[in-house]
Q: 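Just passing along the structure, written as structure tokens.
Each chain gets a letter, A, B and so on, in the order its sequence line appears, and its residues count up from 1. Note that these values count all heavy atoms, side chains included, but never hydrogens, waters or copies made by symmetry.
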Amino acid sequence: SKHQKSIRDYFKTN
Amino acid sequence: MFEARLVNSSTFRKVLDAIKDLLNEASFDCSENGIQLQAMDSSHVSLVSLNLKSDGFDKFRCDRNLTMGMNLTSLGKVFKCSGADDTVTMKAQDYADTVTFMFESKKQDKISDYEMKLMNLDQEHLGIPDTEFSCIIKMPSIEFARIIRDLSQFGESIVISCTKEGVKFSAQGDIGTGNVKLAQTHNFDKEEESVTIDLQEPVALTFACQYLNSFTKATPLSNQVKLSMCENVPLVVEYQIPELGHLRFYLAPKIEE
């Protein structure tokens, strides 16, 4: 099955 | 002092309609450059990024950078009080805890104002890296909304695959499968009806229907939508707001466990 990462895992907090 | 006047208040109302499914509250960052908003949905799967340029407003003044935290349901109530052809003027004093919206009818015979309380919101700003996308698809926004709506009936996810032949949207579930293929069609007379693909390499990614459907609430803002895709990178769904700026949605792809 497919899983969804958080958008935070792609864009780091400034 | 912050003051921004927009003759077409309906544009701001459309922006609000486009983001209120995803966000309950958000901070509007005002500077001399305009108004920006960046916020994740409550599940932290998607990101909304709004940019309204100061020179797109009919009047814009921002003496001091200002962050206005707003409850979007409340803001929706305020804009519900506006007429379709009204002009809106937003005003806030420096360090104020309220913002005022004034609506003026076209004939100037009705003026209403609403003061709304601002909120202190925890701000988390994410850095969005520059990406060389494998493919960029531009297509009519109504067509995109239609395809997402149709395929959402078949499953929870939609695969968007792009090759030089065209773009294919697919969904599968208990009742069966659905596929929609679009070829490139350049219509020089009606640019807004064109489907154009800028392809570096073929890519296929899976996304949750629920979020794609929410993004299509922005359809009234723009005739065209731009989809930017790259392996292992969030999808970017962009609606240009004519003369004012853009509204972008970022969505993390679904990946194998």
Q: Return the CD to OG distance between A:Q4 and B:S157, rounded to the nearest 0.5 Å.
A: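 Output value for this atom pair is 8.0 Å.
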Q: So for atom CD, which belongs to B:Q36, do other residues, nucleotides or ligands contribute more than 12 heavy atoms lying within a distance under 6.0 Å?
A: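 More than 12 heavy atoms, drawn from other residues, nucleotides or ligands, come within 6.0 Å of this atom.
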Q: Does atom CD1 of B:I142 have more than 12 heavy-atom neighbours from other groups under 6.0 Å away?
A: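 No, not enclosed.
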Q: Non-hydrogen contacts under 4.5 angstrom with chain A: give the residues of residues 197-217 of chain B involved, or none if there are none.
A: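 Within residues 197-217 of chain B, the residues under 4.5 Å from chain A are B:T206, B:A208.
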Q: Given side chains that start at C-beta, do those of A:S6 and B:V45 come closer than 4.5 Å, heavy atoms only?
A: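 They are not in side-chain contact.
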Q: Is B:N232 in contact with chain A via its backbone, its side chain, both, or neither, using a 4.5 Å heavy-atom distance?
A: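 Looking at B:N232, just its backbone touches chain A.
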Q: Is the count of non-hydrogen atoms from other residues, nucleotides or ligands lying under 6.0 Å from B:E124 atom CD greater than 12?
A: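 Yes, CD of B:E124 has more than 12 neighbouring heavy atoms, counting only those of other groups under 6.0 Å.
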Q: Should A:R8 and B:M40 be marked as a side chain to side chain contact (heavy atoms under 4.5 Å, CB included) after you check the CA-CA gap, both sets of side-chain angles, and the distance that decides it?
A: CA-CA 9 Å; A:R8 273 205 194 104; B:M40 284 181 281; 3.7 Å; yes
Q: With a 4.5 Å cut-off on side-chain heavy atoms, are B:L126 and A:K12 touching?
A: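 The answer is no; the side chains never approach within 4.5 Å.
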Q: Surrounding CG of B:D55 (heavy atoms of other residues, nucleotides or ligands, distance under 6.0 Å), is the total greater than 12?
A: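 Counting other residues, nucleotides and ligands, CG of B:D55 exceeds 12 neighbours.
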Q: Does the side chain of A:F11 come within less than 4.5 Å of B:P234's, by heavy atoms?
A: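 Yes, at least one pair of side-chain atoms sits under 4.5 Å.
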Q: Roughly how far, to the nearest 0.5 Å, is OH of A:Y10 from CG of B:L251?
A: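 It comes to 9.5 Å.
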Q: Count the heavy atoms belonging to other residues, nucleotides or ligands that lie under 6.0 Å from CD of B:E156, then report whether that count exceeds 12.
A: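 Atom CD in B:E156 is not crowded, with 12 or fewer foreign heavy atoms closer than 6.0 Å.
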Q: If you count heavy atoms of other groups shown closer than 6.0 angstrom to NZ of B:K138, is the number above 12?
A: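 Atom NZ in B:K138 is not crowded, with 12 or fewer foreign heavy atoms closer than 6.0 Å.
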Q: Is the shortest heavy-atom distance from the side chain of B:Y250 to the side chain of A:I7 under 4.5 Å?
A: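 Of all side-chain heavy-atom pairs linking A:I7 with B:Y250, at least one is under 4.5 Å.
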